[in-house]
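Below, chains carry the letters A, B, ... as their sequence lines are ordered, and counting in each starts from 1.
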Amino acid sequence: MKRRGLRVFVVLMGCAVLIGLQYARTRDDADTPKTEASALSPAPTEIQRPASGTEGGDTARAADDNPAGPSMAESTSKAHTAASAGVEPSQRARVQAHLHTLMACQPGAVTKASEREQLWRMTLPAEAIERAPAQYEAAESWARQTCAQSTLRLSPTPGDSGGIMGLWSELSPDDPLRRLWEASAETEVDYSDRNAMRARWEQDRALMPLMRPLLEQALAEALREPSVLELQSIADSAQSFANRGAQRQLGPFAGGGEAGSALWRLAACDLSADCGPESPAAHLICYHEQLCGYGSLEEALIDAYWPQMQIDQLQAARQQLVDRLRAGGHGVFEPDPPGGG
Amino acid sequence: MAAMLVWRWQGSVGESAVAPGRDAQTSQSNTATDTSEVRTAQSTDTASKVATNPNSASTVRKEAAVALDAPALGYRASAAQRADDMARLVAADDLAPLLAEFKRRAAKGDADAAARMRDIYDECLGVHMAQVEATRDLNAQQSAFVLDLLPANAPLRQAALQIGGSRCGGIIPPGDKDSRTRQLVRLQRESLRLAADLGHPGARVRVQAEAPGYERDPRLRAQLRRREALLLLEEGTAEALMDLSAYASDRTPFRSESWILAACSQRYPCNEVATLRTLWCAELGMICGLTSWEDHIRQTSSAREWRLYQAERDQILALLQAGDLGALLLSDEAIGGGG
C-alpha cells in the first residue's frame, strides 16, 4: 500500500512538472521554441502523435484559458523571490516552483497527529523523534502557505487524481517529460486474463526500443537546472520500465526501488539542487513521507531507503551517477559493457 | 480451479481430508460417522504408504489442496518433541539418519515429523540447485543496486556449498541433473502433502499457497486467505509464526520481516539458517557472512525499516500475549474482499 501511495505521489509529481512545463512553454513559446534535448535527440517517430496537427496550438490555448494558468505564476514562490530581486526566473525555476506548489496542495499521507507520532516513535532515530513535531509543523505551515498562493482546485486525496491527470491532455505532445510519463504509466492488468496479459506483454515489447530515448530526452531537459523532484520522477519512470522487462537494457542506475529513487534524489542535491533544511524538497519529504526531524535530507534518505549493508556500495554508485550527469548524462541509461564498467 | 475444488470439497457433508480422486481406502475413512480411532488407523495406513514409498505419484495431486479445516489424518508431536526435532535438524552434519527417523514417525501419523521431512527435502533441493548453479558467476555489474556478489570460487561460498553437500549427501538421489531435480521436487511435494493431510497447519497453508489456480470471487478469496492466517495464529507456535511470515503476512497489518523476528524471539531456530546458507550464499553468492535471520534482515533493510520491524515485532508479541488475534489480522476488505 505504501509503495502504491508513493507511486501515486510520484505520478502526481510528474504530472505537476508537465503542467508547469506547459505553462512555462505557453508563456515563453516565442523565445524557447525548442528544448535543447529535443534538438539534440529528435522525438522517436514511433510514439503515437495526435492525428491533428493543430493540437499543439489548441493545447496552448487551452492552457491560457485554464484557471490554473495565472495561479501558477502567483504560486511560484521561487519566481516571486527572483522577481522581487529584479531577476527574471528561468523557465525551469518556474516549473519547479509550480511543482512544489502542487505537491504542497496535496494532503499529507498521515493526517492524524496521533498516528504520525506513533509512526515516528516506531521508525525515527531517537534524536529525530524530538525534532520531528516541530519540523512537521514547519513543513505543514510551508505547505499551507505555498498552497494558499494557488487558486488551483486539486483532488482532495492523492489517490483521487483524476483532476490532475485530466490536465495531461493540455500538455504539448513534444514535451519529453510528458512522453516519458505517458509511456511509463502502468495500468492495472487482470493477471488471470491471458489475453490481457498477452496484450500487456506485446505492449511492453513494442515499448522496449523507445524506453532509453524517452529517458535520455527527459533527463537532458531536467539537467538544465536539476531539481530533486524531476530527477526522482525520471528515476521512477526508469523503475517502471525496469519492472516491465528492461532492467538489463537501461543500465546500472535504473531500478532499485526506493533505494534507486533516493540515489537519484541525492544526485540532484549533489548537482546543486536546493536540498537545504528549508528547501521544498526537505519540507515535502517530511510532509509526505514522514521523514521528519533528521539533520539533513541526505541523512533522511539514506536512513529510510538504503539497506545498511549496501550504504558504501550505493555511495559509490551515487558518485558515479553524479560524475556522469555532470558530464551531460550521456549514456546513463546504456547498459555497462560485460565485465563491468 | 484448485480453490474451487477446495470450496466444493469443504461443502460436502463431513467429508474427506484428502481430495476427491485419491485412493478409495482414504476416502472410505472420511464418512461423517468416523471415529477418530478409525481415522487414525486408516490415515496411518495412508501415511505409511507415502512415507515409505514417496515415489507413489498417486498420493500427490497438486491440483487438490487440503481444506484448512479438514479432519487431520494424523496427530501432532509434543512441544518438547518438536523443539528437539528442530534443534537436531539445525545441528545435523548428515540429514539422512534424521530423515529416516522422520519417515518412520510420519508413517505412524506424526504430522510434525512429516513437516520436518518436507524441511529436509526443501533444503536438499536447494543444495542440489546450488551445486548446479554455483559454478556460474552472475554478472554483478548490471545494476548499481544488486548486492555485491562473491565469485563462485570464493572460500565462503565454497564452504556453504560443502556444508550443504555433507548434510544432503545421503538424500540427493543419484542420476543426472534433471532427474535429481525431478525426484527432489516430487519428494518435497509429497512430504508437504503428507504433512498437510496429517494435520500440520503450516503445511496446509503452504499447500493452498502453492496450489495452481485462483479464486475469482474476491470475497471468497479474502475469506480463505484470512482463514489461512487465522489458522496459523491459532496454532500460535514459533513455527506457525514463521509459516505465517512466508505465506500469510499480507493478511496482517505487519510485514513479513516483523513476523520472522517475532518467531525468532519465540525461540524458533533463527541461527544457521539453511535457506540463507544454501540459496543466498552457495547458489547466488550473496550475503555469505550472515547466517541468522536477524542479521540478514537487519543488514538487508534500511535503518528505518529495521526500527519498524522491531517495533512491529513487539506489537505482534504483545497482541499474541493478550490473545487479541483479531488485531493481528486485516479485515476481509483490506485483504481484498471488498469487491
With a sphere of 6.0 Å drawn around CZ of A:R205, does it hold more than 12 non-hydrogen atoms of other residues, nucleotides or ligands?
no
Any ring-ring contact (aromatic ring centres under 6.0 Å, His included) pairs touching residues 285-305 of chain B, not counting sequence neighbours?
B:W280-B:H296, B:W293-B:H296
Looking at every heavy atom in both B:R298 and A:Q308, which two are closest together, and how far apart are they?
O-NE2, 2.9 Å
Would you please name every residue forming a side-chain contact (heavy atoms from CB on, under 4.5 Å) with B:Q162, sequence neighbours left out?
none
Could you tell me whether B:R267 atom CZ has more than 12 heavy atoms of other residues or ligands within 6.0 Å of it?
no
Over all atoms of both residues, closest heavy-atom pair of A:M309 and B:T300
SD-CG2, 3.9 Å
d(A:E258 CD, B:R304 CZ) to nearest 0.5 Å is 8.5 Å
Counting only heavy atoms not in A:E137, do more than 12 fall under 6.0 Å of its CD?
no
Bottom line for A:A254: the part with an atom under 4.5 Å from chain B's heavy atoms is backbone
By number, which residues in residues 310-318 of chain A have some heavy atom less than 4.5 Å away from chain B?
A:Q310, A:Q313, A:L314, A:A317
Heavy-atom contact with chain B under 4.5 Å, split by part of A:L250:
neither
Give, as side chain, backbone, both or neither, the part of B:Q310 having an atom under 4.5 angstrom from any heavy atom of chain A.
neither
If one checks every heavy atom of A:Q249 against chain B at 4.5 Å, the contacting part turns out to be neither
Student check: side-chain heavy atoms of B:E305 and A:P307 closer than 4.5 Å:
no
By side-chain contact (heavy atoms from CB on, under 4.5 Å) - contacts of B:L279 (at least two apart)
B:T275, B:E283, B:L284
